[in-house]
Every structure is written in structure tokens, then in C-alpha cells.
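See below for the structure under consideration.
Along the sequence shown, residues carry numbers from 1.
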Amino acid sequence: MKLYCLSENPNAPCLLLTFKGTSIMLDCALDLSPLMHFLPLTLVPSARLSKLATWKSSDNVASKALSQDLRECGGQVFVDSEPEVCVPEIGIVDMSTVDVILISNHHNMLALPFITEYSGFKGTIYATEPTLQIGRQMMEELVEYMERVPKRRKSTQWKKPNILKLLPASLKDALYLSSWKKCYTKHDINSCMSKIQKTSFGEKLPLYGALTMVPMSSGFCLGSSNWVIQSQFEKIVYMSGSSFLTTHSTPISQEPLKNPDILLLTGVTQTPTHNPDSMLGEFCSNLTVTIKNGGSVLVPCYPSGVIYDLFECLSGYMDSVGLMQTPMYFISPVADSSLAYAQIFSEWLCAPKQSRVYLPEPPFPHAELIKNGRLEHFSSLHGDFSSQFKTPCVVFAGHPSLRCGDAVHFIELWGKSSNNTVIFIEPGFPYLEALAPFQPLSMKACYCPIDTAMSYAQANKMIKDLKPLHVVVPNKYQKPPVSQPLRTDLVIEADPAPMSFHRGEVLNLPIRRHSEKIELTPELANSLAPTEVKPGILVSTVTGILNARDNRFILEELPRPPSNGASQSPVPRKRKRDDDLSALSGVHPKQYVYGTLDLEEFVQSLIKHGIPDVKVEETASGHIVLLAQSEDTIIQIEEGSTHIFCDGNEPLRRKLKDALISCLPTF
């Protein structure tokens with residue numbers, strides 16, 4: 001069994017598992033961290049960004065080549081071009097050999113169009129219904145943000161090999177520049193989505209008869225899954241983005257994950273020193289202070305996920321502090337579909353929210369908020385929003401990176417006033433880096449990351465409960481975070497020590513195939529005659545033909561030989577093998593011997609079979625029996641084996657064989 005790591009970010013995983021002649025890709029996430037190296041895409045031309053100074057290099061060649069590509073802001077250098085993303089390292093594998101892709105959650109499928117549309121992949125993709133639909137929404141939102149304000153020029157000089165070494169440190173040290181790509185298109189998304197097959201929790205998905213794949217609830221978000229991959233004798237569990245918090249999704253299912261041979265673990269919390277509950281309280285208090293001071297609040301966010309819980313918690317909190325008249329705006333190209341889908345995925349929700357459906361009431365309170373006009377959603381800043389917009393307010397808009405989307409416009413609009421606040425809730429982007437292109441900025445910034453993924457302590461406890469034979473984790477989980485080098489508790493621990501991997505590495509996992517299950521046909525099973533060799537242990541001889549097809553092994557009866565009265569018609573060549581097998585049916589032994597040979601009993605048996613003159617000699621490893629009537633015959637008896645050497649005397653050889661068999665039990 002081998003594991004290929006195709007992604008560096010543990011929270012944007014992409015792994016390839018090969019086992020029993022199959023290739024399984026586990027998740028296909030898109031690393032969005034390269035967005036931090038680009039200037040924002042503004043809805044309206046920004047005079048401030050256009051006046052940024054170009055980067056000057058000490059090398060004249062580099063300065064001339066990059067005069068329009070790189071710009072400086074606040075001491076940092078940014079690429080003035082369409083933002084790029086980092087795709088998985090699919091070049092190290094032949095994608096045409098990948099049989100299946102298993103998707104854990106909607107965050108981990110954003111790179112799928114690069115696989116389905118731009119590689120040789122021809123396999124099957126499995127994901128739950130919410131994962132498919134929400135993943136589509138996130139892809140469509142990202143593409144909409146990229147396409148609606150295209151850059152007039154495309155910067156390509158900075159990526160040329162002869163220029164890379166001359167770049168500033170922030171770009172020169174950036175990882176995997178060769179894997180940075182422009183985003184896909186809407187056509188790619190539609191084509192990709194048509195190739196995904198929907199699945200449900202607990203559904204057994206066969207893979208060529210060799211393996212069975214089962215998605216189980218991970219509790220992280222709507223439709224998120226942990227995957228159990230099993231053969232007849234091996235079990236692999238893949239966990240990515242699991243949560244023990246009871247928010248809105250189906251709780252994590254642990255029982256089916258127990259006792260695996262291999263546990264692959266990714267998606268542990270990105271903010272181990274921030275508790276989600278305390279961050280939620282800090283979010284509400286910062287928002288309240290801003291609104292009461294007459295300012296507005298911007299929340300850069302994704303169009304689904306934790307935002308559903310924020311609407312619920314925030315509305316109740318604002319009621320308690322007397323801010324129920326403060327409007328909340330949700331702006332996204334997929335805002336309407338996101339809110340609607342959350343209400344209809346009732347089977348994927350936790351029990352309290354499911355019970356509301358049968359009252360009947362909407363499971364999420366944002367339906368009531370929309371009805372009462374407290375929450376309004378818009379696809380963009382144009383049209384109805386401009387006529388209904390009023391301040392102070394709370395705006396939820398994308399993108400969390402602040403490199404594209406409507407959030408960029410609000411930063412430009414509100415950034416000059418210290419009364420306003422931007423609150424970062426998504427843990428995937430460092431907030432200081434996100435704000436860097438907008439400096440100097442008077443607007444207050446608060447970092448309240450709400451990451452519901454399991455903590456290191458929870459992960460270590462879970463490993464003890466699941467009792468895996470081996471644990472495999474990203475190498476970043478083997479050492480404390482850079483910001484907390486002394487926190488030795490913020491690592492993944494197991495016994496034996498976990499195996500680790502990083503991008504581009506291939507691991508040989510410690511699983512060896514020792515056994516395969518073989519089925520007997522009813523006819524062959526009825527012909528068995530078991531013999532008890534030890535109390536409770538019965539043994540029987542089995543002779544048949546092993547039929548192997550689609551990784552299923554069936555032992556069938558040998559063909560019966562033709563009767564003597566059968567016509568002697570010519571046998572076609574294609575049936576010659578069948579006739580050869582049929583001839584074997586009368587050749588196999590009717591009995592097999594077992595047990596340890598008693599020397600004295602064997603000597604007496606030889607005498608009974610007419611071989612009286614026997615001489616026994618002791619050797620270092622056993623005994624040698626010599627026969628007076630045949631000097632060329634030697635019987636060598638050792639522990640666990642008996643050898644008879646009889647040269648050319650067939651009648652004597654048969655007597656010796658019968659004498660030996662009579663001293664041993666048979667079955």
C-alpha cells in the first residue's frame with residue numbers, strides 16, 4: 001500500500017492511496033494561500049492602487065522585465081495580475097490510472113475542475129448531496145469574483161525561470177510556484193459537476209470487488225464525511241475536517257471508524273489557541289461596540305458553513321443588547337441558493353434542527369429573519385442593494401482573502417473611518433496579510449477565527465478511542481505551531497509514533513496482504529467430509545478450480561470425466577484445457593496423512609508388510625532406517641519430515657508407502 005501526498009496544506013488535502021490494484025484519490029482541495037501575493041480585484045478602478053510604486057530591483061534586467069508586474073504597498077510586494085491558486089501536484093501521478101475520487105466536504109473539492117477537465121482522469125467521483133451543491137456554489141462564487149473584473153493585462157514575466165531568482169523574498173520563497181494556475185471557468189464547473197455521483201452516509205460503494213468505501217458523518221459541515229475503506233481483511237479510515245461540536249450538521253459517527261489498520265488524519269483546527277465559543281463571544285462584543293458607536297461592520301466570509309450559525313447567534317445577541325433594528329446584509333452571487341439549500345437539507349442536520357422540519361418550521365432562523373426584513377440578501381452591490389442599503393449595518397460578503405469579491409469594495413468604502421470594523425472569522429487567511437494591500441487603513445480590524453474542526457486534544461483522545469494500528473498525518477502535525485514553539489501539546493501523538501508526509505512524498509504504508517477470502521460453491525461444499533484432527537478442529541481435503549474474477553475468488557468443482565459410453569467425437573482445440581482439468585479429477589489423492597511418526601510403531605509396521613530385517617541408526621537430526629533386503633533403500637526420519645529413497649524397486653516402494661501411511665492418521 002502506498003500513499004502519495006499531492007498537497008502541502010493539511011487543511012486543503014489531496015492524497016492518493018494505491019491498494020489491491022486500485023488507486024483512490026482522497027479529496028481534491030485547492031490551496032488559496034497564493035491569493036495573498038496579488039493585488040485585490042476592485043469593482044471600480046482604484047486610484048490608490050493604480051498609483052502604487054512599481055518594485056525596483058538592484059538588477060536592471062529584472063527591473064525592466066517586471067516594471068508593470070510587481071507593485072509595492074507598505075513595504076510589501078504584490079503581483080498586479082489576475083490572482084492565481086495552487087493546484088495539487090497531479091504531475092507525479094498518471095491521472096488516467098486513478099479509479100475514484102472521494103470528497104470529504106465542500107472545502108475539499110474546489111480543485112476538481114482542474115482534474116476532470118485538464119487531466120486524463122476517467123474515474124468516478126463520490127460526494128454527498130450537500131457537498132456537491134455547496135461545493136458548486138463556492139466554485140461559482142470564486143469564478144464570478146475572478147471574471148467580473150478582469151485585469152486589463154496579464155503579468156507573466158515574474159514567473160519565468162530566469163527571473164524567479166531575482167524576485168523579492170516574499171515571492172522568491174513562495175512554495176510551488178510552478179503549480180500556481182489561473183482559475184477555471186463556469187463551463188469547467190458545469191462539466192465537472194455532471195461527473196460526480198451522489199452518495200449517502202453509510203452507503204457501501206464497491207470498487208471492482210476489491211474494496212468497499214463507506215462515507216460516515218464527520219460533524220464538520222453539511223454533508224461532510226469521513227471515509228472507511230475496507231477489504232475482507234484490511235481497514236483504512238480517512239478523516240478530514242471532523243468536529244465534535246454540535247452546531248447544525250449531523251454529529252460525527254465514531255463507531256464505524258474503530259480498530260482500523262491505518263488512520264489517515266488531516267483537517268485538524270487551524271487555530272489551536274482560539275476556542276470557537278470564546279471567539280463567537282468576542283465577535284458579538286466587537287460588533288456591538290462598533291454599531292453603538294455609529295460604525296458599520298464588515299465580515300469577510302464564505303457563502304456557507306459557519307455563517308448559518310452566525311446568523312442565528314447574532315440575531316439573538318443583537319436582540320438582547322437592543323440592536324434589533326440594525327440591518328444585516330448577506331451579499332454573494334450565490335446568496336439566495338445558499339440560504340435556500342440550507343433549509344431543504346433537513347436529513348443532513350442535527351436532531352434538534354431536524355425536529356423543527358416536522359412541526360413544520362424552517363430548521364434555520366434565517367428564514368424568519370428574511371421574512372421580518374432583518375436579514376437581506378443580494379447577489380451583488382448593483383441593483384436593489386444600492387436603494388435599500390443604510391448604515392450602521394452588518395455586511396457579510398466575500399471573499400475572506402480580501403483579494404476579490406464585494407468585501408474588497410467595502411474595505412475601500414469604509415477603510416478611512418475608524419468607526420467601522422472588519423471582523424475576520426475564517427481561519428484560512430492571516431488577517432494582517434489580507435489587509436496589507438489596503439494600508440494605511442483607519443478602519444479597525446478584529447481577528448475572531450471560528451474554526452469548528454477538532455482540536456489537537458480531541459484528535460489525540462479520538463486516536464486512543466479508535467485504536468488504530470498505525471496513524472498517518474501531515475508533517476506539520478508533528479511539531480508545535482511556529483507561533484507557539486513551546487506548546488508541545490499542540491501535536492498529534494500515537495503509539496507507535498505517527499508516520500508523517502509532505503507534498504510530493506510517497507509513503508509505503510505498513511500493510512501487507514496476507515489473506516484473501518475464497519467462496520465454495522454449494523456443490524463443492526456438499527462433497528466435503530470433515531475429519532476431527534483435534535478437539536473442535538475439523539479438516540477436509542478440497543480439490544477444485546479457483547475462479548478469480550473482479551477480485552472475487554470462487555472455488556468450484558472439477559469437471560467430471562466423460563462416461564465410457566460417450567461418443568468419441570473429435571474434441572475442438574478450445575476445449576482441450578477443459579478436458580485436461582477433467583482428467584485431473586481422478587488423479588488427486590483420496591487421503592492425506594498428518595501427525596508425528598512413531599519410530600517403534602513404524603518398525604513393527606515394516607515387519608507386518610513383509611520387511612523383517614530392519615536396522616535403525618541415530619543421527620544428529622533424527623534416525624535412518626536401513627533395509628537388509630535392499631542396500632539402495634534408505635528411510636530418513638526427522639522431526640516434521642520423512643524421506644524414502646528407493647532406487648528403481650517399485651514394488652518395495654509401494655510396501656514402504658503403505659507401511660508409513662498405516663502409522664499416521666489420515667483425513
Exercise for the section: Evaluate the criterion side-chain contact (heavy atoms from CB on, under 4.5 Å) for residue pair Leu43 and Val149; output intermediate values, then yes/no. Expected result: CA-CA 6 Å; Leu43 287 176; Val149 282; 4.2 Å; yes
Exercise for the section: State, yes or no, whether a side-chain contact exists between Ser346 and Lys353 at a heavy-atom distance under 4.5 Å. Expected result: no
Fill in the blank from the handout: Output for pair (Ile125 CD1, Cys28 SG), nearest 0.5 Å, gives 8.0 Å
Handout entry: Smallest separation among heavy atoms of Val408 and Pro40, with atom names
Key = CG1-CB, 3.9 Å
Exercise for the section: Any chance you could measure Glu282, atom CD, to Asp277, atom CG, to the nearest 0.5 Å? Expected result: 13.0 Å
Problem - Lys182 NZ: over 12 foreign heavy atoms closer than 6.0 Å - result: yes
Exercise for the section: State, yes or no, whether a side-chain contact exists between Asn372 and Met324 at a heavy-atom distance under 4.5 Å. Expected result: no
Problem - Test item: Glu82 side-chain N/O and Pro150 main-chain N/O as donor-acceptor pair under 3.5 Å - result: no
Problem - Spacing of Ile101 atom CD1 and Cys14 atom SG [to the nearest 0.5 Å] - result: 7.5 Å
Handout entry: Donor-acceptor contact below 3.5 Å, side chain Ser304 vs main chain Ser338
Key = no
Problem - Identified ring pair (Phe, Tyr, Trp, His ring centres under 6.0 Å) partner of Phe311 from the options Phe364, Phe330, Tyr317 - result: Phe330
Practice task
Indicate yes or no for a side-chain donor-acceptor contact from Thr250 to the backbone of Trp348 under 3.5 Å, with no hydrogens or angles considered.
Solution key: yes
Practice task
On the 0 to 90° scale, with breaks at 30° and 60°, tag the His399-Phe429 ring pair as parallel, tilted or perpendicular.
Solution key: perpendicular
Practice task
Output yes when a side-chain donor or acceptor of Ser225 lies under 3.5 Å from a complementary backbone atom of Trp227, and no otherwise.
Solution key: no
Exercise for the section: Assess the side chains of Asp451 and His274: does a donor N or O sit below 3.5 Å from an acceptor N or O? Expected result: no
Handout entry: Stepwise side-chain contact (heavy atoms from CB on, under 4.5 Å) test for Glu412 and Arg48
Key = CA-CA 10 Å; Glu412 295 277 0; Arg48 183 185 62 84; 3.3 Å; yes
Exercise for the section: Just say parallel, tilted or perpendicular for the rings of Tyr308 and His366, cut-offs at 30° and 60°. Expected result: tilted
Problem - Side-chain donor-acceptor pair present, His382, Ser380, cut-off under 3.5 Å - result: no
Handout entry: Side chain to side chain, Tyr431 and Val422, heavy atoms closer than 4.5 Å
Key = no
Exercise for the section: Would you tell me whether Tyr145 and Glu141 have side-chain atoms, one donor and one acceptor, within less than 3.5 Å of each other? Expected result: yes
Completion exercise
Interatomic distance, CG@Asp319 vs CD@Gln325, rounded to 0.5 Å, equals 9.5 Å
Handout entry: Taking every non-hydrogen atom, the tightest pair across Ala453 and Val268
Key = CB-C, 4.2 Å
Exercise for the section: Using a strict cut-off of less than 4.0 Å between a Lys/Arg side-chain nitrogen and an Asp/Glu carboxylate oxygen, indicate whether Asp31 and Arg503 qualify as a salt bridge. Expected result: no
Problem - Donor-acceptor under 3.5 Å (Thr391 side chain, Cys393 main chain) - result: no
Problem - Closest heavy-atom pair and its distance - Ala174, His37 - result: CB-NE2, 4.1 Å
Fill in the blank from the handout: Heavy-atom closest pair (Ser455 atom, Thr269 atom, distance to 0.1 Å) is CA-CG2, 3.7 Å
Exercise for the section: Would you confirm whether Thr452, through its side chain, and Ser243, through its main-chain N or O, come within 3.5 Å as a donor-acceptor pair? Expected result: no
Practice task
Return the orientation label for the Phe114 and Tyr118 ring planes: parallel under 30°, perpendicular over 60°, tilted otherwise.
Solution key: tilted
Handout entry: Side chain Gln354, main chain Glu347, donor-acceptor under 3.5 Å
Key = yes
Handout entry: Validation row: Leu323, Lys292 side chains within 4.5 angstrom (heavy atoms)
Key = yes
Exercise for the section: Could you walk me through whether Ser191 and Asp188 pass side chain to side chain donor-acceptor pair (under 3.5 Å), step by step? Expected result: CA-CA 5 Å; Ser191 178; Asp188 294 334; over 6 Å; no
Practice task
Measure the shortest side-chain to side-chain distance between Cys5 and Leu15 over non-hydrogen atoms and say whether it is less than 4.5 angstrom.
Solution key: yes
Exercise for the section: Show your reasoning for whether side-chain contact (heavy atoms from CB on, under 4.5 Å) applies to Leu102 and Tyr238. Expected result: CA-CA 10 Å; Leu102 306 180; Tyr238 173 60; over 6 Å; no
Exercise for the section: Tell me yes or no: between the side chains of Gln133 and His106, is some donor less than 3.5 Å from an acceptor? Expected result: no
Problem - Any donor-acceptor N or O pair under 3.5 Å, side chains Asp384, Ser387 - result: no
Exercise for the section: Write down the atom of Glu72, the atom of Thr54, and the distance for their closest heavy-atom approach. Expected result: OE2-O, 4.1 Å
Practice task
Answer yes or no: is there a side-chain heavy-atom contact under 4.5 Å between Leu349 and Leu222?
Solution key: yes
Exercise for the section: For the residue pair Pro400 and Tyr302, establish whether any side-chain heavy-atom pair is separated by less than 4.5 Å. Expected result: yes
Practice task
Would you kindly say whether Ser242 and Asn226 are connected by a side-chain donor-acceptor distance under 3.5 Å?
Solution key: yes
Problem - NE2 on His107 to CD1 on Ile134, rounded to 0.5 Å - result: 9.0 Å
Exercise for the section: Determine whether Pro474 and Thr266 make a side-chain contact, defined as any pair of heavy atoms from C-beta on separated by less than 4.5 Å. Expected result: yes
Exercise for the section: Give a yes or no answer on whether the side chain of Ser418 reaches the backbone of Ser442 with a donor-acceptor pair at less than 3.5 Å. Expected result: no
Practice task
Calculate, to the nearest 0.5 Å, the distance between atoms CZ and OG belonging to Phe378 and Ser386 respectively.
Solution key: 9.0 Å
Handout entry: Exercise: do Asn108 and Ser240 side chains pair donor with acceptor under 3.5 Å
Key = yes
Handout entry: Check: Pro365 main-chain N/O paired with Glu368 side-chain donor or acceptor under 3.5 Å
Key = no
Exercise for the section: Could you tell me whether a side-chain N or O of Arg403 sits under 3.5 Å from a main-chain N or O of Ala434, the two making a donor and an acceptor? Expected result: yes
Completion exercise
When every non-hydrogen atom of Gly305 is compared with those of His248, the smallest separation belongs to O-CE1, 3.5 Å
Handout entry: Distance-only side-chain donor-acceptor flag, Tyr176 / Glu8, under 3.5 Å
Key = yes
